[in-house]
Amino acid sequence: MHITFKQTLEDFKQDLARRLTLEGKAINFWSVLSIITSKGVTSVLLYRLKRYFYYKNNLILKSAVRLLKFPEFHYCHNELDPRAIIAPGLVLSDMGGVSLGFSVIIGKNCTFMGKATPTLGAMEGIDLMNDRIRIGDYCVIGHNVKVINPVTIADGVQIKPNSVLMTSVKESGTIIAGFPAKSVGIVPMTLIKSWSPILSQTLAMSH
Amino acid sequence: MDKQSQSLLSTITLIRSDMQFRCDYEHKQLTALRVLAFLTNHAVISQILYRFQIFFHLNHLGIFASIFKGINSLIFTVNIHSKTQIGEGLLMLHPNYIFIGKNVVLGKRCILAQQNSIGPAYVIETEAGVSDQGPIIGDDVLCGVGCAIFGNISIGSRSKISVNTAVDKSFPSNAILIGVPAKNLSLS
């Protein structure tokens, strides 16, 4: 697999743009400068860079992945594997604690709150090399949500805090909660596409 | 929540009441030596950083409030929004992944364990959207490890919230909450 630097920058631009629109800020130089040091944005930038370096056929550049893990873990408190496939528009909250394994495929415009961990767990009957967790577009994964089985999540699914997802979610726009997670309600996709936590300020932690 | 200015003396009184409650919790006397020992405790340092963050926020020195919040967030992974009200006698057991969002009100003598997340709701369930009012939690409430309290709800005084509980409804006082979503196990 080959990823160009231009592609990496283009993806990160979309991540930044979505983060700024969610916070209700205009997209200009000063708003980018004010947000670039926040833990969520830095983490996404480091993930994109790591992914670019990881798929280079250059040993020195490949070792940069290990160097970038230090700021990612000790500054952002997140761990995103460079082999995870994440479409542009990813937004992480500034809380940290997100760990994404290599077996995750995530659609565009997804939001992860703190301590959300979609990672294949050490469970019986899981093929760690071939099984994948597939998450659709416009999903919102709440605080402390664990996804450990190889499941498929449809578009626009919102997962409430502290849920543990064991089975696939087929209907788009579902709200799921509980341990094991069950459907609680359904919301139309148009409502989810306009989702923004500006009011509740759960993402930004801005002063 | 309207902004009232807070004097430095009342901030120090709040920090002292935190230490007093920690001493009561550990069955110890609050002496000068104990205060020195507390200043090496990272949970106490995290609480002091939070109290000063609120002091600077209420005295219209937002930049210092952000700096104190940033230190708290970077070193201890404790994220507390400036627009919160936490009463005297806060006890943080372990400052690890604690998130307290906007417009959250905590009463007096609350105990926060590690990995608590408290804040306004963000999951859209109706056409009306989400409100920015966070949970209002009474006095003497114990929040267990990894509990999540989200939404425009209120929890009564002397409630006990168990490990990994997700609370999204209002509960009366003396409640014992367990489960995802939370159920009240209290007999009364």
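A, B, ... follow the sequence lines: proteins, then strands. Residue 1 opens every chain.
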- Query: Of all the residues in residues 112-119 of chain B, which have a heavy atom that comes within less than 4.5 Å of a heavy atom in chain A?
  - Reply: B:Gln115, B:Ser117
- Query: Within 45° of the axis and under 6.0 Å from the centre of the six-membered ring of A:Phe53, does NZ or CZ of A:Lys62 qualify?
  - Reply: no
- Centroid-to-centroid, B:Tyr122 to A:His143, below 6.0 Å? yes
- Message: If only side-chain N and O atoms count, and only distance matters, is there a donor-acceptor pair under 3.5 Å linking A:Asn109 with A:Asp137?
- Response: no
- Message: Out of B:Ile75, B:Ile124, B:Thr126, B:Ile98, return the one with the most heavy atom pairs under 4.5 angstrom to chain A.
- Response: B:Ile124
- Highest number of heavy-atom pairs under 4.5 Å with chain A among B:Gly70, B:Gly146, B:Pro181, B:Gly134 belongs to B:Gly146
- A:Thr8-A:Asp11 side chain donor-acceptor pair, cut-off 3.5 Å: no
- Query: Where does the angle between the aromatic ring planes of A:His74 and A:Phe70 fall among parallel (under 30°), tilted (30 to 60°) and perpendicular (over 60°)?
  - Reply: parallel
- Please round to the nearest 0.5 Å and tell me the distance separating atom CZ of A:Arg132 and atom CG of A:Leu120. 8.0 Å
- Query: Under 3.5 Å, is there a donor-acceptor pair between the A:Asp155 and A:Tyr138 side chains?
  - Reply: no
- Given that the side chain runs from C-beta out, which part of A:Leu191 has a heavy atom under 4.5 Å from chain B: side chain, backbone, both or neither? both
